[in-house]
Peer 1: 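Sharing a structure with you now.
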Amino acid sequence: ATVPGTVTPTTVTGGGSTPGGVGSTGPVNINSGTADELDTLPGVGPATAAAIIAHRQQHGPFATVDDLTDVRGIGPSKLEALRGLVTV
């Protein structure tokens, strides 16, 4: 029985961050974004996120968002889908 004036503890499951939570309100920087941040972008899965990171490690930072087309798996249509969601 609940006693008036007492607080019943609430159980919270999960914990941790969720996609769309704090930190994902602005564009993702393709020069500093983590694999997890890049993976939240539409059409970018773990393999493409890894390819973006590998490309910037091998070739240095991206000068423009358009340079994403140099990454394996990103063509003109995917670039257009990402254009407003990423920054350099």
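Note that the coordinates shown come from a computational prediction; the quantities given were computed from them, not determined experimentally.
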Peer 1: Should the heavy atoms of other residues, nucleotides or ligands under 6.0 Å from CZ of R83 be counted, would the total exceed 12?
Peer 2: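 Counting neighbours around CZ of R83, more than 12 heavy atoms of other residues, nucleotides or ligands fall under 6.0 Å, so yes.
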Peer 1: List for me each residue that meets side chain to side chain contact (heavy atoms under 4.5 Å, CB included) alongside S32, sequence neighbours excluded, and say none if there are none.
Peer 2: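 S32 satisfies side chain to side chain contact (heavy atoms under 4.5 Å, CB included) with N29 once adjacent residues are dropped.
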Peer 1: Determine the minimum heavy-atom distance between R72 and A51, stating which atoms define it.
Peer 2: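 In terms of heavy atoms, the two residues are closest at NH2-CB, 3.8 Å.
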Peer 1: Please report the shortest heavy-atom distance between T69 and L79, naming the atom on each side.
Peer 2: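 It is CG2-CD2, 3.5 Å.
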Peer 1: Measuring from L82:CG to I74:CD1, what's the distance to the nearest 0.5 Å?
Peer 2: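 With rounding to 0.5 Å, CG (L82) is 6.0 Å from CD1 (I74).
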Peer 1: Of the non-hydrogen atoms in L38 and R56, which two are nearest, and what is the gap between them?
Peer 2: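 Distance-wise, the nearest heavy atoms are CD1-NH1, 4.3 Å.
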Peer 1: Find the distance between OG1 (T48) and NZ (K78) and round it off to the nearest 0.5 Å.
Peer 2: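 Nearest 0.5 Å value for the OG1-NZ distance: 4.0 Å.
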Peer 1: Kindly say whether T34 contributes a backbone atom to a donor-acceptor pair with the side chain of E37 at under 3.5 angstrom?
Peer 2: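 Side chain of E37 to backbone of T34: a pair is present.
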Peer 1: What residues form a side chain to side chain contact (heavy atoms under 4.5 Å, CB included) with T64, not counting sequence neighbours?
Peer 2: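 Here the qualifying residues are D66, D67.
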Peer 1: Considering all heavy atoms of both residues, which atom of A49 and which atom of D39 are nearest to each other, and what is their separation?
Peer 2: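 Minimum heavy-atom contact is CB-N, 4.2 Å.
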Peer 1: Considering non-hydrogen atoms only, spot the tightest contact between A63 and V88 and give its length.
Peer 2: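 Taking every non-hydrogen atom into account, O-CG2, 3.7 Å.
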Peer 1: Kindly determine whether L68 and I52 satisfy side-chain contact (heavy atoms from CB on, under 4.5 Å), including the steps that lead there.
Peer 2: CA-CA 8 Å; L68 276 175; I52 291 170; 4.2 Å; yes
Peer 1: Please find the pair of heavy atoms, one from F62 and one from N31, that lie closest to each other, and give the distance.
Peer 2: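 Nearest pair, atom of F62 first, then N31: N-OD1, 2.5 Å.
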Peer 1: Just so I know, are the side chains of L41 and V28 near enough to count as touching, which here means a heavy-atom distance under 4.5 Å?
Peer 2: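 Yes, close enough: below the 4.5 Å cut-off.
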